[in-house]
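Here is the structure we will look at.
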Amino acid sequence: MRTPMIAGNWKLHKTLDEAVNLVGALKTKVKDVDNVEILVAPPFTAISMLATKLAGSNIKIGAQNCYFEPSGAFTGELSAPLLKDAGCDYVIVGHSERRQIFGESIEMINNKVKAVLEAGLSVILCIGETLEERESGEMYDILTAQVKEGLAGVTDMERVVIAYEPVWAIGTGKTASSEQAQEVHSFVRGLVQGLYTPEIAAATRILYGGSVKPGNVDELMAQSDVDGALVGGASLVAEDFARIVKFE
Ligand code: PEP
């Protein structure tokens, strides 16, 4: 009942030419895939160009961040309505790099989630614990706060995807084992059930992120509560990302 989703987070990579080349190659490689929702989240500068290039294809476009106000005197920021206008379907919110490097609070992340939904877009809400939080036994409290406070005031869960990204596994080459991923995904689904209904929990997609590669995607996707992947490094190479999209 949950359509798998494979999303690529390009972070701060790819000039316009490189971005066009990457989606050109990707489009050909995944053109026959009709059972997976495919998303690329390029840098802001490439969004509208890629929206043109990907029109009519099976690849959607997401943004990696947004501000929570729709417009106004916020120099340097981009809003959800502007991202929609540029061709986005999704916005990634609360990535650990935003939390850690840019100091985003749970309250700010919650405001962004609501702003994205208000604009009519879908959101990928990222959550995840640091190694220290895992080892000190605080992991489940941290994840609970990230889910509950991140979703505070949200009623439209149909347009919410959650991405569990253990911070210690992002860009490090260390992947959570498929058992570790399943354990947390099942816990998160239970949190969604507690906040909403069993039906909503059963319909909510929970992606795994953290060093997903062609070599480990199949095992991760075989877990019953892993509904897809948010992919960083491997999404920058068409062949690798296409193989992840075509997980077995
Ligand atoms: C990410 O940035 O969301 C991510 C999971 O990165 P990587 O796949 O490179 O670990």
Side-chain angles (χ1 to χ4, degrees), residues 4-14 18-19 22 26 30 36-44 46-47 59-66 88-104 109 112-113 116 122-131 133-134 139 142-143 146-147 150 160-178 180-182 184-185 188 205-221 223 225-247:
M5 174 177 212
I6 303 292
N9 171 16
W10 293 6
K11 309 192 186 190
L12 211 174
H13 295 288
K14 303 292 177 189
E18 290 166 348
L22 177 51
L26 191 60
V30 302
V36 175
E37 189 173 11
I38 308 168
L39 183 82
V40 292
F44 290 132
I47 288 173
I59 305 175
K60 293 180 181 167
I61 301 181
Q64 301 169 20
N65 179 35
C66 73
C88 284
D89 291 299
Y90 278 86
V91 182
I92 299 171
V93 168
H95 191 279
S96 64
E97 287 153 17
R98 301 291 324 164
R99 295 181 198 254
Q100 293 194 326
I101 304 171
F102 301 99
E104 291 192 7
I109 290 163
K112 291 184 176 194
V113 168
V116 171
S122 298
V123 66
I124 299 178
L125 169 64
C126 301
I127 59 167
E129 82 287 356
T130 62
L131 191 55
E133 289 160 351
R134 177 173 272 264
M139 175 173 90
I142 297 284
L143 294 169
Q146 289 177 344
V147 171
V160 175
V161 174
I162 296 173
Y164 169 57
E165 299 205 301
V167 179
W168 47 272
I170 296 179
T172 59
K174 288 184 195 157
T175 322
S177 67
S178 47
Q180 284 172 322
Q182 170 56 30
V184 174
H185 281 228
V188 171
R205 290 177 295 178
I206 306 173
L207 315 183
Y208 171 78
S211 300
V212 176
K213 307 281 177 216
N216 58 24
V217 66
D218 298 343
E219 206 194 326
L220 287 160
M221 289 304 294
Q223 306 305 310
D225 287 295
V226 176
D227 305 313
L230 180 54
V231 185
S235 71
L236 299 172
V237 179
E239 194 159 318
D240 288 354
F241 191 62
R243 171 60 182 85
I244 293 170
V245 166
K246 296 180 189 177
F247 64 86

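Numbering of ligands and ligand atoms starts at 1, following listing order.
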For [atom], the protein heavy atom that lies nearest, with its residue and separation:
atom: atom 9 (O) of ligand 1; result: Gly233 N, 2.8 Å
atom: atom 3 (O) of ligand 1; result: Glu165 OE2, 2.6 Å
atom: atom 1 (C) of ligand 1; result: His95 NE2, 3.3 Å

Ligand 1 versus Ile170: contacting region, heavy-atom distance under 4.0 Å: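 Both parts.
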In terms of atom number and element, which parts of ligand 1 are under 4.0 angstrom from non-hydrogen atoms of [X]?
X: Ser211; answer: 7 (P), 8 (O), 10 (O)
X: Ala169; answer: 10 (O)
X: Gly210; answer: 5 (C), 10 (O)
X: Leu230; answer: 3 (O), 5 (C)
X: Asn9; answer: 1 (C), 2 (O), 3 (O)
X: Gly171; answer: 7 (P), 9 (O), 10 (O)

Test item, Lys11 contacting ligand 1 (heavy atom, 4.0 angstrom):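 Distance cut 4.0 Å: Lys11 passes for ligand 1.
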Close approach, Gly173 and ligand 1, non-hydrogen under 4.0 angstrom: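 Gly173: no contact with ligand 1 (<4.0 Å).
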Non-hydrogen atoms of Leu220 and Ala176 that approach each other most closely: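 Here Leu220 and Ala176 meet closest at CD2-O, 4.1 Å.
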Candidate pair Phe247 and Val36, rule side-chain contact (heavy atoms from CB on, under 4.5 Å), full reasoning: CA-CA 10 Å; Phe247 64 86; Val36 175; 3.9 Å; yes
Return yes when atom [atom1] of [X] has more than 12 non-hydrogen atoms of other residues, nucleotides or ligands closer than 6.0 Å, and no otherwise.
X: Glu239; atom1: CD; answer: no
X: Glu219; atom1: CD; answer: no
X: Ile101; atom1: CD1; answer: yes

Thr172-ligand 1 polar pair, N/O distance under 3.5 Å: no
Parallel, tilted or perpendicular: ring planes of His185 versus Tyr164, cut at 30 and 60 degrees: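 Perpendicular.
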Pairwise side-chain contact, Ile47 with Cys88, heavy-atom cut-off 4.5 Å (strictly under):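 Yes; the side chains approach each other to less than 4.5 Å.
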pair Leu236-Lys14: side-chain heavy atoms closer than 4.5 Å: yes
Nearest-option assignment for atom 4 (C) of ligand 1, heavy atoms, candidates Ser96, Cys126, Gly232: Gly232
Donor-acceptor contact below 3.5 Å, side chain Gln64 vs main chain Ala41: yes
